[in-house]
Every structure is written in structure tokens, then in C-alpha cells.
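We're numbering straight along the sequence, starting at 1.
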Amino acid sequence: MSAEYLLHCSSCNEYTSLGRYVEKEGRFQGEYSLLHNRHLNGDDMLCRFLIRHTGHPLTMHANRTEAYSDILKQAHRFMEGDIDAYLEQVADRREQQAHDIQMERGLGRLQLYILREMLAKEAESLSKRAYPNLGGIAVPAGQGRRCQTGPGDPGRADGEDGYAVQINRGCARTPKNPRSLRSATPFMMGVVLFGYF
């Protein structure tokens, strides 16, 4: 079992309990509350003790020693009457901090959802403005149907331009370079992101 420590001021004959040293967290357990049967798990009381005894000779003692036992019997305990109430305040503060963190996370998720919806709508709007005559989806050659693409334009078999496009009121061919349609999406998303950020 690891040792417990206390810090003693010889000029004031006053001490504060440090508890065990928590190596993985780099701190002491802090003062102990008999009422709540727990340590403060923080350095608040230690810092107050150090400020109160600035310039005084301070010594640290480990338990299971004669000096440690004598100090517990004869010296005054620092802020002994306030330890229980102080622990309750610390617990309330930590609970409030945890609640605030949860609220911030929830707000962040909501903001992210709203931003995604705005980006999706803006991308859809840009796509419609860039290609107003394409109201459907592209299908690979050989899987569509022969269709009349416009007045005076004879029906053409699928595959002559690489793709046929099915739309609500008939059929239309894609541009001769279908890659321009696919490459437009990253460009439009870049425009949207630049506009919002």
C-alpha cells in the first residue's frame, strides 16, 4: 500500500492532509471528509494552505512514522470545520461542468447537422443552375432506349455519345464529354464551402 502524507507548518503548528500521491494523474488525493467518506481529489485545499503559510517552514511527513502520529495528535488541522462543505461545493461544480460539456456537444452536433443540410441544398441549387436541361439521371449505354431528343433531331441509339439521360418529359443526351458533369460536383462543393466559411 502506498504511503499517505501530510504537510505541516511548524511555526503555526497547523497541517493539511495530502492523502496518497496519484502518480498517473500527477496529484495528491487531497483532504479527507469523514462525513462524505471521500477525498477532495484536487489540490484546492493544498493551494490554500500554501498561500496561508507563505514564508513559513513547511515539512512533509509520511504515515507510519512517529512524527506523523505526533502531528495528528498535537497540531491543528487546516480549515477543519469547512472541509465537508467545501467538498460539496467541489462536487456541485464538477457536476455543473459535466453538464455544460454535454450541452456544448449537443449544440455542436446540431450546428453540424444544420450546416450539412445547408450545403446539400446549395449544392442541389448550383447543380440545377449549371445543367438546367438535365432533369434525370445518366444510364450507361445499352441500357436505355431510343428516343427523340429534340425537334428535327432523329432518334439515336444509346451509346453514340456514351450516355442517354432519362428525364420527366422524354429523353436527352448528355454532353459529348460526360466527365464534365461528374467533375462539376467537387467544384460546386468548393464554391459552397468557400461561401459559408
Side-chain angles (χ1 to χ4, degrees), residues 1-127 185-197:
M1 178 180 291
S2 59
E4 294 189 7
Y5 300 90
L6 61 76
L7 192 62
H8 179 246
C9 174
S10 57
S11 62
C12 300
N13 196 26
E14 191 173 46
Y15 76 94
T16 183
S17 177
L18 303 177
R20 295 186 179 89
Y21 179 68
V22 185
E23 187 171 357
K24 64 180 181 180
E25 298 181 12
R27 61 170 179 79
F28 288 98
Q29 291 176 309
E31 269 289 0
Y32 181 77
S33 169
L34 292 173
L35 177 63
H36 298 285
N37 191 28
R38 56 180 292 192
H39 291 272
L40 289 177
N41 291 318
D43 299 326
D44 304 63
M45 197 68 69
L46 173 60
C47 293
R48 291 171 182 266
F49 182 85
L50 293 174
I51 293 173
R52 177 76 64 86
H53 297 279
T54 301
H56 297 183
L58 303 176
T59 55
M60 188 168 68
H61 301 273
N63 65 340
R64 298 190 296 274
T65 62
E66 185 176 352
Y68 186 93
S69 300
D70 291 342
I71 291 172
L72 290 180
K73 294 175 183 178
Q74 302 171 7
H76 302 289
R77 190 179 183 187
F78 178 66
M79 295 182 64
E80 183 173 13
D82 301 325
I83 294 175
D84 297 333
Y86 189 74
L87 190 145
E88 294 174 359
Q89 294 176 6
V90 171
D92 291 342
R93 184 167 65 246
R94 289 174 180 169
E95 183 178 352
Q96 182 62 41
Q97 290 174 349
H99 176 72
D100 293 342
I101 291 175
Q102 291 296 329
M103 290 290 293
E104 290 176 0
R105 289 177 179 174
L107 181 60
R109 287 193 292 266
L110 177 61
Q111 291 175 338
L112 179 60
Y113 173 78
I114 294 175
L115 180 60
R116 289 176 60 184
E117 291 295 315
M118 293 174 63
L119 291 175
K121 291 181 180 179
E122 186 66 18
E124 182 181 359
S125 177
L126 289 174
S127 178
T185 302
F187 171 76
M188 289 187 289
M189 290 301 297
V191 172
V192 172
L193 290 172
F194 180 79
Y196 279 102
F197 297 101

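- Summarising the local packing, CD of Glu117 is surrounded by more than 12 heavy atoms from other residues, nucleotides or ligands at distances under 6.0 Å.
- Taken from CG in Leu115 to CG in Leu119, the straight-line distance is 4.5 Å, to the nearest 0.5 Å.
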Would Arg77 and Tyr15 satisfy side chain to side chain contact (heavy atoms under 4.5 Å, CB included), going step by step from the backbone distance to the final call? CA-CA 5 Å; Arg77 190 179 183 187; Tyr15 76 94; 3.8 Å; yes
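- Within 6.0 Å of atom CD in Glu66, 12 or fewer heavy atoms from other residues, nucleotides or ligands are found, so the atom counts as exposed in its surroundings.
- Thr16 and Met45 get closest at one heavy-atom pair: OG1-CG, 4.0 Å.
- Of all heavy-atom pairs between Glu31 and Phe78, the closest is OE2-O, 4.4 Å.
- Contact between Asp84 and Leu34 at its shortest, heavy atoms only, is OD1-N, 4.1 Å.
- Across all their heavy atoms, Arg27 and Gly42 have their closest contact at NH1-N, 4.0 Å.
- Leu40 contributes atom CG, which lies 11.5 Å from atom CG of Leu18 (distance to the nearest 0.5 angstrom).
- Atom CZ of Arg116 and atom NZ of Lys121 lie 13.5 Å apart (nearest 0.5 Å).
- Atom OG1 of Thr65 and atom CD1 of Ile71 lie 7.5 Å apart (nearest 0.5 Å).
- At least one side-chain heavy atom of Leu72 sits under 4.5 Å from a side-chain heavy atom of Leu6.
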Test Ile114 against Met118 for side chain to side chain contact (heavy atoms under 4.5 Å, CB included), laying out the working first. CA-CA 6 Å; Ile114 294 175; Met118 293 174 63; 3.9 Å; yes
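- Considering every non-hydrogen atom in both Gly26 and Tyr21, the closest pair reads CA-OH, 3.4 Å.
- Shown here for Met60 and Phe28, the closest heavy-atom pair between the two residues is SD-CZ, 4.2 Å.
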Show the numbers, then the answer: is there a salt bridge (Lys or Arg N to Asp or Glu O under 4.0 Å) between Arg48 and Asp82? CA-CA 12 Å; Arg48 291 171 182 266; Asp82 301 325; over 6 Å; no
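- Going from atom CZ of Arg93 over to atom CD of Gln96 covers 11.5 Å, rounded to the nearest 0.5 Å.
- Of the possible donor and acceptor atoms, none in the side chain of Glu14 sits under 3.5 Å from a partner among the backbone N and O of Cys9.
- Between Leu7 and His61, the closest side-chain pair of non-hydrogen atoms is not below 4.5 Å.
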Step-by-step side chain to side chain contact (heavy atoms under 4.5 Å, CB included) determination, Leu107 to Met103: CA-CA 6 Å; Leu107 181 60; Met103 290 290 293; over 6 Å; no
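- Looking only at distances, a side-chain donor or acceptor of His39 sits under 3.5 Å from a matching main-chain atom of Gly30.
- Using cut-offs of 30° and 60° for the angle between ring planes, the Phe49 and His53 rings count as tilted.
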One pair to check against side chain to side chain contact (heavy atoms under 4.5 Å, CB included): Val22 and Asn41. What are the steps and the verdict? CA-CA 9 Å; Val22 185; Asn41 291 318; 5.9 Å; no
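- Here the straight-line distance linking atom CD of Gln74 with atom OG of Ser69 works out to 10.5 Å at 0.5 Å rounding.
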